Amino acid sequence: MNEDIKNVSYEEAVKWARDYMRQKNISQAELSRKLSISSAAVSSYLNGKYPNPETVTEKIAELMDMQAQKTLAPRAPEYVETTVTKMVKQAISYAHLRGVVSVAYGDAGVGKTTAVQQYLKENQLAIGIEIIPTYASLTGVNELLADELGSRERTDRKITKDIISKLKGSGRVIIVDEAQHLTVRAIEHLRSISDSTGIGICFVGNESIYTKLLGTHKSEYAQLFSRIGVRKMVTTSTNTRDDMDRIFGQYVMDEESMKILHQISRTNYGLRGAVNAYINTIGVFDEINPSNLNKVIRDMGIAG
């Protein structure tokens, strides 16, 4: 419990309780249920007639602490390293340190992009580009890299020459998120940049990026596939209970609610689904509990 709240006085607790009932538009009876004491005890306490006020003050302080925790919501939890983000960052780091190609691929919503963003935040030498279909071609990739490197060239040949010049011997790494959208030619282009500059490239995306590299056009990808130094596959089943404790442990939550969130994280909805269920529940209800979570989960159409 927060130390300031733990040391709350009787007068502060009474004021907070009255303000809380007014703001939430709840009765003394409803407050008593939240405090797990009788309505008569709450009435007596608020009127200064309860024989042992310190016991009720402690319960109010606990409720205050829970409400203080909720001030973080309905935002997503702060970044913490999970099994998935650690694996993705390892793939990027290997490419970065060895100057080779690596691949991190798997289910959607497990934290791959979160890991990419964190690596970029922690490493100034890392370059991150996100591929959407509009930028899936060689030209699109060149435009994204030119923006990151401050190149003023306008044709593919000159942009490529400038990119290689800026990257050669730089000790940098290129992280390509949503890499499954890349065309064959764009992937080969990135491999050539890696070969020419000696810097690493990490492709991050869903399983189809790995299928592409391994797939039916093996002759087109043989040279690239043979250069892949590390392959990390991450799925929703990679999410562990310890991961849930690290992500949600900063909040007031019962064991059963944590189990529900863990179960969601291991479905097709992934960790993203678990976080969304948490955010939506805390945004609608006064507290996280299994009943409230299940109501929101049903409304969200999430099925285990």
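Start at 1 with the first residue, then count along the sequence. As the structure is a prediction and not an experimental result, all values here were calculated from the model.
- Residues Val84, Met87, Val88, Ile92, Val110, Val116, Tyr119, Leu120, Val173, Ile175, Val204 make up the rest of the hydrophobic cluster containing Val234, defined by ILVMFWY side-chain heavy atoms closer than 4.5 Å, directly or through other members.
- Without hydrogens or angle criteria, Ser265 side chain to His262 main chain gives a donor-acceptor distance under 3.5 Å.
- Heavy-atom neighbours of Asn52 CG from other residues, nucleotides or ligands within 6.0 Å: above the threshold of 12.
- Side-chain atoms of Thr281 and Asn292 include no donor-acceptor pair closer than 3.5 Å.
- Side-chain contact between Lys15 and Glu11: absent, with no pair of heavy atoms (C-beta onward) separated by less than 4.5 Å.
- For Ser93 (side chain) and Lys89 (main-chain N/O), no donor-acceptor pair under 3.5 Å exists by modelled atom type.
- Summarising the geometry of Leu125 relative to Gly171, their closest heavy-atom pair is CD1-O, 3.7 Å, with the distance given to 0.1 Å.
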Please step through side-chain hydrogen bond (donor to acceptor under 3.5 Å, both in side chains) for the pair Ser137 and Thr139, ending with a clear verdict.
CA-CA 5 Å; Ser137 66; Thr139 297; 4.6 Å; no

Do Ile260 and Ile297 pass the side chain to side chain contact (heavy atoms under 4.5 Å, CB included) test, and can you show the C-alpha distance, the side-chain angles, and the key distance before you say yes or no?
CA-CA 10 Å; Ile260 292 171; Ile297 290 167; 3.5 Å; yes

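- With hydrogens and angles ignored, the 3.5 Å screen pairs a side-chain donor or acceptor of Ser196 with a backbone N or O of Ser192.
- Side chain of Asn294 to main chain of Ser291: no donor-acceptor pair is present (N/O by atom type, distance under 3.5 Å, no hydrogens or angles).
- With Arg98 contributing its side chain and Gly200 its backbone, the two residues share no donor-acceptor pair below 3.5 Å.
- Residues Met253 and Ile302 share a hydrophobic cluster, clusters being chains of Ile/Leu/Val/Met/Phe/Trp/Tyr side chains in contact below 4.5 Å.
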Please report the C-alpha distance between Ile288 and Ile282 in whole Å, then the side-chain angles of each, then the deciding distance to 0.1 Å, and finally whether the side chain to side chain contact (heavy atoms under 4.5 Å, CB included) criterion is met.
CA-CA 6 Å; Ile288 292 283; Ile282 204 70; 3.7 Å; yes

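- Atom NZ in Lys166 sits 12.0 Å away from atom CG in Leu145 (nearest 0.5 Å).
- Linking ILVMFWY residues whenever their side-chain heavy atoms come closer than 4.5 Å, directly or via other members, places Leu149 and Ile159 in the same cluster.
- Across His189 and Val141, no two heavy atoms sit closer than the pair CD2-CG1, 4.4 Å.
- Taking the charged nitrogens against the carboxylate oxygens, Arg191 and Glu188 do have a contact shorter than 4.0 Å, which makes a salt bridge.
- Formation of a donor-acceptor pair under 3.5 Å by the Arg266 side chain with backbone atoms of Ser237 is found in this model.
- Counting heavy atoms of neighbouring residues, nucleotides and ligands inside a 6.0 Å radius, atom CD of Glu256 exceeds 12 of them.
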Could you go through the side chain to side chain contact (heavy atoms under 4.5 Å, CB included) check for Lys232 and Tyr94 one step at a time?
CA-CA 11 Å; Lys232 294 286 186 180; Tyr94 187 87; over 6 Å; no

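- The closest donor-acceptor contact from the side chain of Ser44 to the backbone of Lys49 lies under 3.5 Å.
- Here the closest non-hydrogen pair linking Thr57 and Ala13 is CG2-CB, 4.0 Å.
- Gln180 places a side-chain N or O within donor-acceptor distance of the main-chain N or O of Asn206, the cut-off being under 3.5 Å.
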Between Thr113 and Gln117, is a side chain to side chain contact (heavy atoms under 4.5 Å, CB included) present by the stated rule, with each step listed?
CA-CA 6 Å; Thr113 295; Gln117 292 170 345; 3.6 Å; yes

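- A 6.0 Å sphere centred on CG of Asn268 holds no more than 12 heavy atoms belonging to other residues, nucleotides or ligands.
- The stretch residues 34-53 participates, sequence neighbours left out, in these ring pair (Phe, Tyr, Trp, His ring centres under 6.0 Å) pairs: Tyr10-Tyr45.
- The shortest non-hydrogen separation linking Ala104 to Cys202 is N-SG, 4.4 Å.
- Other residues, nucleotides and ligands contribute more than 12 heavy atoms inside 6.0 Å of the CD atom of Glu122.
- Between the side chain of Glu30 and the main chain of Ser27, a donor-acceptor pair closer than 3.5 Å is present.
- Nearest heavy atoms, Asn7 versus Glu12: O-OE1, 4.4 Å.
- Separating the NZ atom in Lys24 from the NZ atom in Lys34 is a distance of 8.0 Å, to the nearest 0.5 Å.
- Met300 and Ile279 fall within the same hydrophobic cluster, where Ile, Leu, Val, Met, Phe, Trp and Tyr residues are linked whenever their side-chain heavy atoms come under 4.5 Å apart, directly or through other members.
- The salt bridge (Lys or Arg N to Asp or Glu O under 4.0 Å) search around Asp245 returns Arg241, not counting sequence neighbours.
- With Asp243 contributing its side chain and Thr83 its backbone, the two residues share a donor-acceptor pair below 3.5 Å.
- Heavy atoms only, all atoms of each residue included: Ile264 and Ala277 are closest at CD1-CB, 4.0 Å.
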